[in-house]
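Report on the structure given below.
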Amino acid sequence: MITGTRNIGIEVNPPKTKCSDPNCPFHGNLSVRGQIIDGKVVSVRMDKTAMIERNYLKYDKKYERYEKRTSRHAAHAPVCLELKIGDEVRIMECRPLGKTVSFVVIEKRK
């Protein structure tokens, strides 16, 4: 583990750079809990917020088939992760940070 980063309780790769964001789970004091979701960054136009999209299959019992579904989550993007469109990320639930933001990005996957 890199010095100066906090242990958030799950096994993830911490960011290599340091930030002064109070809502960063590694360098601030934001606690994480609940769901963990893997997805792709589709927008970073908001200030310190990214839109994460995940694709999944839902089983339809009537037709005995799977249907493709997509959901989008607004997640807080700490500056130390340096997110770009197309990055594969892992987000985790946290306390509400805004009207639509209740997730924080905890890992940028390779």
With [X], which residues qualify under side chain to side chain donor-acceptor pair (under 3.5 Å), at least two apart?
{"X": "Asn55", "value": "Thr70"}
{"X": "Ser31", "value": "none"}
{"X": "Arg69", "value": "Glu67"}

Checklist entry - Under the salt bridge (charged side-chain N to carboxylate O under 4.0 Å, His left out) test, which residues partner Asp87, sequence neighbours left out? => result Lys108
Under the side chain to side chain contact (heavy atoms under 4.5 Å, CB included) test, which residues partner [X], sequence neighbours left out?
{"X": "Glu82", "value": "Thr17"}
{"X": "Ile85", "value": "Val44"}
{"X": "Ser20", "value": "none"}
{"X": "Ser43", "value": "Arg45, Met51"}

Next on the checklist: I'd like to check the ring-ring contact (aromatic ring centres under 6.0 Å, His included) partners of His27; sequence neighbours left out, ordered by chain and number.
Outcome noted: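 Partners of His27 under the ring-ring contact (aromatic ring centres under 6.0 Å, His included) test: none.
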Please report, to 0.1 Å, the donor-acceptor pairs under 3.5 Å made by any side chain of residues 89-105, with sequence neighbours excluded.
residue	atom	partner	partner atom	Å
Arg90	NE	Asp38	OD1	3.0
Glu93	OE1	Gln35	N	3.3
Arg95	NH2	Asn23	OD1	3.4

Indicate if [X] and [Y] have the same hydrophobic cluster label, given that clusters are the connected sets of ILVMFWY residues with side-chain heavy-atom separations under 4.5 angstrom.
{"X": "Ile8", "Y": "Ile36", "value": "yes"}
{"X": "Ile37", "Y": "Leu30", "value": "no"}
{"X": "Ile10", "Y": "Phe26", "value": "yes"}

Item to check | Lys40/Glu53 under salt bridge (Lys or Arg N to Asp or Glu O under 4.0 Å): CA gap, chis, key distance, verdict | outcome: CA-CA 5 Å; Lys40 183 186 256 186; Glu53 190 173 85; over 6 Å; no
Item to check | Within residues 56-65 or reaching into it, pairs that qualify as side chain to side chain donor-acceptor pair (under 3.5 Å) - sequence neighbours excluded | outcome: none
Next on the checklist: Quick check for you: to the nearest 0.5 Å, what is the distance between Asp21 atom CG and Leu81 atom CG?
Outcome noted: 10.0 Å
Item to check | Side-chain cluster (under 4.5 Å, hydrophobic types only) that Val79 belongs to, other residues | outcome: none
Checklist entry - After noting the C-alpha distance and the side-chain angles of Ile52 and Val41, does the key distance pass the side chain to side chain contact (heavy atoms under 4.5 Å, CB included) rule? => result CA-CA 5 Å; Ile52 312 299; Val41 177; 3.8 Å; yes
Checklist entry - Ile106 and Pro25: which non-hydrogen atoms are nearest, and at how many Å? => result CG2-CG, 4.2 Å
Next on the checklist: Treating His76 as the side-chain partner and Cys24 as the backbone partner, does any N or O pair qualify as donor plus acceptor under 3.5 Å?
Outcome noted: no
